[in-house]
Amino acid sequence: MLQPKDITINGKKKFSKQIIEAVDETNHQIVFKLIGGELVEIYKTFTITFHVEPKGRKQLATWTFDFEKPNTNVPYPTAMMDYLCEMLADMDVHLNGK
């Protein structure tokens, strides 16, 4: 399934196109493979895994980035990590009303 997205990172609009590569309902995990957009132009490969597991009475969400840099001069995708952390914080506020 193709999932095009417009996202804003550091105040700049970015475009990302990804497919859902795998869904594991038993382990509450979904894997997205980026196939278009700016990250694909920078990195050789880029896959994002989203996993949720129970942690006491709450749920713990984990994002894992699996990417290949074409050379050592390419930076780590910290802006994307920051974006996802902000998105999860917004979701937490929305869901918990805090």
Hphob cluster co-occupancy, V31 + L34, side-chain heavy atoms under 4.5 angstrom
no
Using the rule that Ile, Leu, Val, Met, Phe, Trp and Tyr join whenever any side-chain heavy atoms are under 4.5 Å apart, tell me whether F32 and V40 fall into a single cluster.
yes
Which residues pass the side-chain hydrogen bond (donor to acceptor under 3.5 Å, both in side chains) test with N27, not counting sequence neighbours?
D24
Selection residues 31-41 - residue pairs positive for side-chain hydrogen bond (donor to acceptor under 3.5 Å, both in side chains), sequence neighbours left out
K14-E38
Pair listing, salt bridge (Lys or Arg N to Asp or Glu O under 4.0 Å) test, anchored in residues 42-54, at least two apart:
K44-E68
Out of curiosity, T64 OG1 to Q29 CD, how far, rounded to the nearest 0.5 Å?
7.5 Å
The reported gap from OG1 in T49 to CD in E21 (rounded to nearest 0.5 angstrom) is 8.5 Å
side-chain contact (heavy atoms from CB on, under 4.5 Å) with [X]: which residues, sequence neighbours excluded?
{"X": "Y76", "result": "F67, K69, T78"}
{"X": "V23", "result": "I20, E25, I30"}
{"X": "D66", "result": "T47"}

On a heavy-atom basis, which atom in P75 and which in Y43 lie closest, and how many Å separate them?
O-OH, 2.5 Å
